Amino acid sequence: MILQRPRGTRDFLPAEAWRRSVARKAMESILVRWGYQEIATPTFEHLELFTMKSGQSVIDEIYSFKDKGGRDLALRPELTAPVMRMYVSELQNAPRPQRLYYFGNCFRYERPQKGRFREFWQLGAELIGGSRPDSEAEVIALADQTLRSVNVVGEIHVGYLGLIRSIMDRIGAEHRPTVMRMIDKKEREALAEFLDDIGANHLGLLDLIDLKGKDALDKAVEIARDLGAGRAQESASTAGASAGSSEMAGRASARTGRSVSAELRIDEFRETVELLEAYGVDFTTDFEIVRGLEYYSGTVFEIYAEGLGAQRQICGGGTYELASLFGGKETSSTGFGLGFDRIMEIVQIEDERKPPVFLAFTPDVKVDAAKIAKKLRQKVPVVLDVMGRGLGAQLKAAGSAGAQFVIILGRNELDNGKLTLRNMLTGEQESLTMAQIEDTLNERLSCL
RNA sequence: GCCGGGAUAGGGUAGUGGUUAUCCUGAGGGACUGUGGAUCCCUCGAGCUGGGUUCGAAUCCCGGUCCCGGCCCCA
């Protein structure tokens, strides 16, 4: 009562820690099978890493502090930026593509509720530097498979930001944030009105976000074609304008470059969709997927699951351009992050922990018990009483701990070189040598 | 950041201004110093926190903390 956990944090008792470990291993085995290698980055980074391009909503929620040297630091709110920072500083000359995955805690100052915590864990993967449709399809299929490894089947929505951003270019810059917000918040009526007011209703935006699946894709191709007309002089002028300053060039080119070639990219998006079908991924094309992190540039996707209340999203990802922002060569990457805690809320994993074998001994042979326990531990998990209990109490303790086997060691056993193995479920006891006990326990414990 | 519901032994709970706060479970010990989960006995252990109202507060009021649901945002 005196010391409480900080708000939004959790303790994991053995049963829950075990479940999390099982789920994590199952998902990691899929990532490894697809050729992804685990990496880890620091829990805190320079604040700047996250403020550069994470989007205001993330920045507002950041846990930041000054260290004793006056540096501005932040607990990581997500892992994509740190991974890309690492890539730029350490892996730029490694062969591409790089397939990386990570599992780590992240921190956001938010209002905790079901499936949302201030310290939470993400399991994610990044495919750095691959060609677009192939990478995108691989990453989305991988996210799907990873979830399936723990029997979670989500609803996958795949969208394409390149097109939306191209349409935005046709809307006055002062109106773009409003429109994006309305799309994101699904304020359909208000959006229709607003587009009318600013004379942008001819762009097909409303139809685009209303349509899902195949129809949405067809509409997207049509819009991209319309946008292509009369683009030439426009792109020439924007490209010229951004060609000056060196520091801003990367960011500016990432934006305009993307929108200028939107009609080409829609073909790539269509290829991504075809590849996804080849992978057998069950998904919906949905241009309403916008995503809050501003570094996403192309295909974006989200996965939703049932049983989580308001926090339905268990995965988010897409194609982004971060390497150039961190001073590296322009490198296209695709990745995803899974909300591990949300997955744990809906995953069905039984607690199948096996209690260890108890070595119960009489006080006069304590030293021998320690020696024997040490030897047995090479093959089987063994615990010794440390409470100074009598033999009866040790049996009782073993019983309440759920032990299936107890090895009994006393003067009699020492003298005739055999230990007593008691099966706590049946009450049967047999007198066996060390080797026999090891074999028996190995066999019995593994098949239980 | 906003709206609403909560907080009583380690876990789960009852009570609703009035002596020693209910029950289940748990933990420790004993009956049983070489054989356990049963039984019996004993013991331990609680009204989130800080104010206020009152002769008297776990109970009523206010602030804070934390939890839960929703909004927002996200994973």
Side-chain angles (χ1 to χ4, degrees), chain A residues 1-11 13 15 54-62 76-80 103-124 143 147 152 154 181 184-187 289-293 296 301-305 308-317 335-346 355 358 360-365 385 387-415 419-429:
Chain A
M1 290 307 149
I2 296 167
L3 289 177
Q4 287 182 317
R5 261 176 286 141
R7 188 162 154 84
T9 63
R10 289 156 298 156
D11 297 310
L13 273 54
S54 280
Q56 192 57 42
S57 63
V58 172
I59 293 170
D60 289 342
E61 294 169 354
I62 235 162
R76 57 191 180 195
E78 47 112 4
L79 280 157
T80 300
F103 177 81
N105 50 352
C106 298
F107 306 84
R108 291 185 200 171
Y109 191 85
E110 283 189 287
R111 174 83 176 66
Q113 51 183 267
K114 187 179 178 66
R116 188 165 75 189
F117 307 95
R118 289 186 172 178
E119 183 189 24
F120 60 97
W121 274 259
Q122 279 195 352
L123 176 67
L147 286 171
V152 170
R181 202 192 65 239
D184 198 31
K185 294 176 86 171
K186 308 196 192 318
E187 294 172 355
I289 304 296
V290 178
R291 303 208 39 78
L293 299 174
Y296 286 109
F301 69 102
E302 298 183 344
I303 304 179
Y304 311 101
L308 281 165
Q311 275 62 239
R312 295 182 58 225
Q313 191 184 327
I314 55 172
C315 177
F336 68 79
L338 291 167
F340 187 73
D341 307 279
R342 292 182 182 175
I343 291 167
M344 288 313 299
E345 299 237 352
I346 53 176
F358 279 63
F361 57 91
T362 53
D364 53 319
V365 297
D385 173 61
M387 305 294 284
R389 291 182 167 120
L391 192 59
Q394 290 182 49
L395 266 298
K396 191 170 182 174
S400 54
Q404 282 149 6
F405 293 98
V406 172
I407 298 165
I408 294 165
L409 176 68
R411 182 51 57 192
N412 297 343
E413 283 79 5
L414 265 190
D415 287 347
L419 305 179
T420 301
L421 179 65
R422 179 178 176 85
N423 183 326
M424 296 294 275
L425 299 179
T426 62
E428 292 165 39
Q429 296 192 173

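Chain naming here is simple, since letters A, B, ... match the order of the sequence lines and numbering starts at 1 in each. Worth saying up front: this structure is predicted, and the values here are computed from it rather than measured. Below, each value reflects all heavy atoms present in this structure, side chains not excepted, and no hydrogens, waters or symmetry copies.
Here A/Q313 does not reach the OP1 or OP2 of B/rC74: none of its side-chain N or O atoms lies under 4.0 Å away. Considering only side-chain N and O atoms, A/R108 lies nowhere under 4.0 angstrom from the phosphate OP1 or OP2 of B/rC73. In this model, the phosphate group of B/rG70 is approached by a side-chain N or O of A/Q113 to a distance below 4.0 Å at OP1 or OP2. The shortest distance between the side-chain N/O atoms of A/R111 and the OP1/OP2 oxygens of B/rC68 is not below 4.0 Å.
Remark: the backbone N or O of A/E110 is paired with a side-chain donor or acceptor of A/R118 at under 3.5 angstrom. Remark: the backbone N or O of A/Q394 is not paired with any side-chain donor or acceptor of A/R389 at under 3.5 angstrom. With hydrogens and angles ignored, the 3.5 Å screen pairs no side-chain donor or acceptor of A/D341 with any backbone N or O of A/G115. Listed for the A/R116 side chain is no donor-acceptor partner under 3.5 Å among the backbone atoms of A/R342.
Going from the C1' atom of B/rA27 to that of B/rA9 covers 11 Å, rounded to whole Å. Taking atom C1' in both B/rC23 and B/rA14, one finds a spacing of 7 Å when rounded to whole Å. The gap from the C1' atom of B/rG30 to that of B/rC68 amounts to 43 Å, rounded to the nearest Å. As rounded to the nearest Å, B/rC67 and B/rC73 have P atoms that lie 22 Å from one another. Going from the P atom of B/rA46 to that of B/rC62 covers 29 Å, rounded to whole Å. For the P atom pair drawn from B/rC2 and B/rG63, the interatomic distance equals 13 Å after rounding to whole Å. Comparing the P positions of B/rU13 and B/rC24 gives a spacing of 16 Å, expressed to the nearest Å. Remark: the separation of the C1' atoms in B/rC61 and B/rU16 is 16 Å, to the nearest Å.
Here B/rA7 sits opposite B/rU65 as a Watson-Crick or G-U wobble pair (both hydrogen-bonding atom distances under 3.5 Å). When Watson-Crick and G-U wobble pairs are counted only if both distances are under 3.5 Å, B/rU13 pairs with no nucleotide at all. Pair assignment for B/rC40: B/rG30, on the basis of Watson-Crick or G-U wobble contacts that are both within less than 3.5 Å.
Comparing B/rG1, B/rC73, B/rG34 by their nearest atom to the side chain of A/E110 picks out B/rC73. Side-chain atoms of A/T420 lie closest to B/rG34 of the nucleotides B/rG69, B/rG34, B/rA75. Counting only heavy atoms from C-beta on, A/L391 has its side chain closest to B/rG34 among B/rC67, B/rG29, B/rG34.
Using a 4.0 Å heavy-atom distance criterion, A/R389 is classed as a sugar-phosphate-only contact. At a threshold of 4.0 angstrom between heavy atoms, the contacts of A/G410 include nucleobase atoms, whether or not backbone atoms are also involved. Across all strands shown, A/I408 has heavy atoms under 4.0 Å from base atoms, whether or not it also approaches the sugar-phosphate. Counting any heavy atom pair closer than 4.0 Å across all strands shown, A/N412 reaches a base atom. Using a 4.0 Å heavy-atom distance criterion, A/G115 is classed as a base contact.
Side-chain to base pairing of A/R411 with B/rG34: no donor and acceptor N or O lie closer than 3.5 Å to each other. Checked by distance alone, A/Q429 brings a side-chain donor or acceptor within 3.5 Å of a matching partner on the base of B/rU35. Side-chain to base pairing of A/R116 with B/rC68: no donor and acceptor N or O lie closer than 3.5 Å to each other. A donor N or O paired with an acceptor N or O is not found under 3.5 Å between the base of B/rC67 and the side-chain atoms of A/R10. For a distance-only test at 3.5 Å, the side chain of A/E413 qualifies as a donor-acceptor partner of the base of B/rG34.
No option in A/L338, A/L79, A/L123 other than A/L123 meets the side-chain contact (heavy atoms from CB on, under 4.5 Å) test with A/F103.
Looking only at atom types and distance, the side chain of A/Q429 has no donor-acceptor partner in the side chain of A/T420 under 3.5 Å away.
In this structure, A/L395 atom CG and B/rU33 atom P are separated by 13 Å, rounded to whole Å. Straight-line distance from the CG atom of A/N423 to the C1' atom of B/rG36: 13 Å, rounded to whole Å. Following rounding to the nearest Å, A/Y304 (OH) and B/rC73 (P) show an atom-to-atom distance of 12 Å. Atom pair A/D60:CG and B/rG1:C1' shows a separation of 10 Å (rounding to whole Å applied). Counting to the nearest Å, the P atom of B/rA75 and the CD atom of A/E61 are 10 Å from each other.
In textbook terms, a nucleotide whose glycosidic angle is within 90° of 0 is syn, while B/rG34, being further out, is anti.
Comparing A/Y109 and A/F117, the nucleotide of RNA chain B nearest to each residue sits closer to the 5' end for A/Y109.
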**OP:** Would you check, one step at a time, whether the test side chain to side chain contact (heavy atoms under 4.5 Å, CB included) holds for A/I408 with A/E413?
**Re:** CA-CA 8 Å; A/I408 294 165; A/E413 283 79 5; 4.2 Å; yes

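Stacking between A/F340 and B/rA75 is absent: the ring centroid is not both under 5.5 Å from the six-membered base ring centre and under 30° in plane angle.
Across every non-hydrogen atom of A/C315 and A/A143, the tightest pair is SG-CB, 4.2 Å.
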